[in-house]
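The structure appears right after this line, and notes come after that.
Computed from a predicted model, the values in this text were never measured in an experiment.
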Amino acid sequence: MSQEKKNNPHQGHRDRMRERVARLGIANMPEHEILEFLLYPLIPLKDTNPIAHDLIDRFGSLENVLDTSPKLLLEVKNMTRNAALYLSALPQIVKKYNIQKFGEKPLLDTVAHAVEYVRQLFLDEKEEAIYMLILNAKGMLLSSCKVGVGTLSACQLNTREFILRTADSQGNCIMIAHNHPSGSPLPSYDDCEFTRWLISLAEVLGITLIDHIIIAAEGYYSFRENDMLSDYAGAFKMYMDNAKASDKYSMKIRKFVDKK
């Protein structure tokens, strides 16, 4: 063994790691080695193995590292700003990659297809969020956007954004999806009332709410699949009918008073 190798036992380590990744991939590598490999081009002048170990020790797992803000990642010794930004951007890149695999206008004509698609929308969401999907009559997705954000226990819809997006679209159907970071997909009372209100709003706008899907770690819940939407259908019509009846009653009372 040469004196140079004795002085630097890690010489050639990166080349050996790259060869192993090229030959076997990274799926079965330990988490710290995956991080070490990802950091090679971002921190070229330092040994990234101890940095990777420190990241796992600090945040607990590869998933937690990638879900951590650049500000917190920079608290780890020898981390760089570029490396922190890159690691925190990876989940967003994966999300975009997964969504693009569905094609430009995927057909979400079944609950299963819809769940498979909307699950990708929440890959990088750590708090509750609401997404609106606009579809044509055949179930083809025309566009999707986030229309609400919130905390772990509450989410607020941006009503103005919802109405503007709906009015500006060529679709006649909408689907709403939101997540439950707590783990259970079962709808709360507020979720049910929110769905009732959405159906009324959709009726006002002249479109149809075809489903409200809740995504969670433990599965999903579809209001359509559980026949919940039919319970709320016609809510706005009933309100308008009641309003018309009330108006007729008011007119009769007014005429009676006028005669007096």
Practice item. Answer yes if Leu85 and Leu72 sit in the same cluster of Ile, Leu, Val, Met, Phe, Trp and Tyr residues linked by side chain heavy atoms under 4.5 Å apart, and no otherwise. Key: no
Exercise for review: Please step through side chain to side chain contact (heavy atoms under 4.5 Å, CB included) for the pair Met79 and Ile51, ending with a clear verdict.
Suggested key: CA-CA 7 Å; Met79 273 293 287; Ile51 301 174; 3.8 Å; yes
Check your understanding: Does any non-hydrogen side-chain atom of Asp109 lie less than 4.5 Å from one of Lys138?
Key -> no
Point to revise | Ile213 with Phe223, same ILVMFWY side-chain cluster at under 4.5 Å | key: no
**Study point:** Heavy-atom pair with the smallest gap, counting every atom of Asn172 and Asn136
**Key:** OD1-C, 3.5 Å
**Study point:** Between His13 and Asp47, a side-chain donor and acceptor under 3.5 Å
**Key:** no
Review point. How many angstroms lie between atom CG of Leu209 and atom CZ of Arg224, to the nearest 0.5 angstrom?
Key: 10.5 Å
Check your understanding: What is the minimum heavy-atom distance between Ala84 and Leu73, and which atoms define it?
Key -> O-CD1, 3.6 Å
Practice item. Any chance you could measure Ile93, atom CD1, to Asp124, atom CG, to the nearest 0.5 Å? Key: 11.0 Å
Point to revise | Atom of Ile56, atom of Ser61 and distance for their closest heavy-atom approach | key: CD1-C, 3.7 Å
Practice item. Check the pair Tyr131, Glu125 against side-chain hydrogen bond (donor to acceptor under 3.5 Å, both in side chains), reporting the backbone distance first and the verdict last. Key: CA-CA 11 Å; Tyr131 280 85; Glu125 299 286 357; 2.9 Å; yes
Practice item. Kindly compute the distance separating CD1 (Ile176) from CG (Leu133), expressed to the nearest 0.5 Å. Key: 7.5 Å
Study note, to complete from the structure: d(Ile134 CD1, Leu141 CG) to nearest 0.5 Å is 9.0 Å
Review point. So, does Asp211 use its side chain to make a donor-acceptor pair with the main chain of Ser222 at under 3.5 Å?
Key: no
Check your understanding: Are the side chains of Asn179 and Ile214 in touch, meaning some heavy atoms are under 4.5 Å apart?
Key -> no
Point to revise | Closest non-hydrogen atom pair, Leu123 against Lys126 | key: O-NZ, 4.1 Å
Point to revise | Pair Glu33, His53: side-chain N/O donor-acceptor within cut-off below 3.5 Å | key: no
Check your understanding: Can we say Asp54 and Lys77 salt-bridge, meaning some charged N sits less than 4.0 Å from an Asp/Glu carboxylate O?
Key -> no
Practice item. Before giving the answer on side chain to side chain contact (heavy atoms under 4.5 Å, CB included), spell out for Met175 and Leu135 the whole-Å C-alpha distance, their side-chain angles and the decisive distance to 0.1 Å. Key: CA-CA 8 Å; Met175 183 184 299; Leu135 307 95; 3.9 Å; yes
Check your understanding: Are side-chain heavy atoms of Leu38 and Leu90 found at a separation under 4.5 Å?
Key -> yes
Check your understanding: Between atom CG of Leu24 and atom CD of Glu19, what is the distance when rounded to the nearest 0.5 Å?
Key -> 11.0 Å
Review point. Hey, does the side chain of Arg58 reach the backbone of Val76 with a donor-acceptor pair shorter than 3.5 angstrom?
Key: no
Practice item. Answer whether the closest heavy-atom distance between the side chains of Arg18 and Phe37 falls below 4.5 Å. Key: yes
Review point. Which pair of heavy atoms, one from Ser88 and one from Pro91, lies closest together, and at what distance?
Key: O-CD, 3.5 Å
Review point. Heavy atoms, side chains only, cut-off 4.5 Å: are Tyr220 and Glu116 in contact?
Key: no
Check your understanding: Side chains of Tyr221 and Ser184: closer than 4.5 Å at any heavy-atom pair?
Key -> no
Check your understanding: Shared ILVMFWY cluster between Val111 and Leu198, side chains joined below 4.5 angstrom?
Key -> no
Check your understanding: Passes side chain to side chain contact (heavy atoms under 4.5 Å, CB included), Lys146 versus Ile130? Steps please.
Key -> CA-CA 6 Å; Lys146 186 190 290 189; Ile130 305 175; over 6 Å; no
Check your understanding: Distance-only, no hydrogens or angles: does the Lys46 side chain make a donor-acceptor pair with backbone N or O of Asn78 under 3.5 Å?
Key -> no
Check your understanding: For the residue pair Tyr117 and Ser144, what are the closest heavy atoms and their distance?
Key -> OH-OG, 3.9 Å
Study note, to complete from the structure: Taken to the nearest 0.5 Å, the spacing of Met29 CE from Leu35 CG works out to 9.5 Å
**Study point:** Asn28 CG: over 12 foreign heavy atoms closer than 6.0 Å
**Key:** no
Check your understanding: Would you say the side chain of Leu229 lies within less than 4.5 Å of the side chain of Ile199, judging by non-hydrogen atoms?
Key -> yes
Check your understanding: Heavy-atom count around Glu75 CD within 6.0 Å, excluding the residue itself: above 12?
Key -> yes
**Study point:** Pair Glu193 + Arg196, salt bridge at N-O below 4.0 Å
**Key:** yes
Practice item. In sequence, state the C-alpha distance, the side-chain angles, and the governing distance for Phe102 and Gln120, and then conclude on side chain to side chain contact (heavy atoms under 4.5 Å, CB included). Key: CA-CA 10 Å; Phe102 286 88; Gln120 308 306 318; 3.7 Å; yes
Exercise for review: For residues Leu87 and Leu39, determine if any side-chain heavy atom of one lies less than 4.5 Å from a side-chain heavy atom of the other.
Suggested key: yes
Check your understanding: Would Glu36 and Asn49 count as having a side-chain donor-acceptor pair, cut-off 3.5 Å?
Key -> yes
**Study point:** Verify same cluster id: Phe194, Ile207 (apolar side-chain graph, 4.5 Å)
**Key:** yes
Practice item. Following the transitive rule for hydrophobic clusters with a side-chain heavy-atom cut-off under 4.5 Å over Ile, Leu, Val, Met, Phe, Trp and Tyr, establish whether Met228 and Leu201 coincide in one cluster. Key: yes
